[in-house]
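The block underneath contains the structure these notes are about, expressed in structure tokens.
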Amino acid sequence: MRMTKLTAILAVLALALAACGQQATQTTDPGEDGGGDGARADIEIAVVTHGQASDPFWSVVKNGVDQAAEDLGVTVTYNAPEEFDPVALAQMIEAAVADEPD
């Protein structure tokens with residue numbers, strides 16, 4: 001049951017990434033050159049993936065997340081495990097939720 005919830009959360013996160021067209025953590029903060037409109041500058045989005053930060057596929061996903069953040073002018077925090085570990089992944093998700101992103 002618990003793994004089903006985790007799978008559902010990961011599926012929602014993957015869909016959110018698709019909609020936006022390490023133990024790595026990186027925050028993309030819109031700067032003066034960032035796109036989007038100024039009203040979005042205070043929007044914070046947390047992304048937690050189950051794929052390893054070093055995997056070529058997930059590095060492409062991360063680049064897409066960073067580009068979308070820049071294009072939309074929002075702040076994104078991206079988290080990915082160094083190796084697949086469901087317990088660590090759950091902790092990353094709980095930490096992301098505790099930060100109260102939008």
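Proximity of a side-chain donor or acceptor of D55 to a complementary backbone N or O of F57 within less than 3.5 Å is detected. Checked by atom type and distance alone, the side chain of D102 pairs as donor or acceptor with a backbone atom of E44 at under 3.5 Å.
A distance of 14.5 Å separates NE2 in H50 from CG in N79, rounded to the nearest 0.5 Å. To the nearest 0.5 Å, the span separating CG on D99 from CD on E94 amounts to 12.5 Å. Between R40 atom CZ and T75 atom OG1 the span is 12.5 Å, to the nearest 0.5 Å.
Nearest approach of F84 to Q52, heavy atoms of both residues: N-NE2, 2.9 Å. The shortest heavy-atom contact between W58 and Y78 is O-OH, 3.5 Å. Scanning both residues, T49 and A80, for their nearest heavy atoms gives OG1-CB, 3.5 Å. Taking every heavy atom of both residues into account, I45 and V74 meet most closely at CD1-CG2, 4.0 Å. A pairwise comparison of heavy atoms in A96 and P101 identifies O-CD, 3.0 Å as the closest pair.
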Worksheet entry | Intermediate values then yes/no, side-chain contact (heavy atoms from CB on, under 4.5 Å), V48 and L89 | CA-CA 8 Å; V48 179; L89 186 58; 3.6 Å; yes

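Judged purely by distance below 3.5 Å, without hydrogens or angles, the side chains of N63 and Q67 never pair a donor atom with an acceptor atom.
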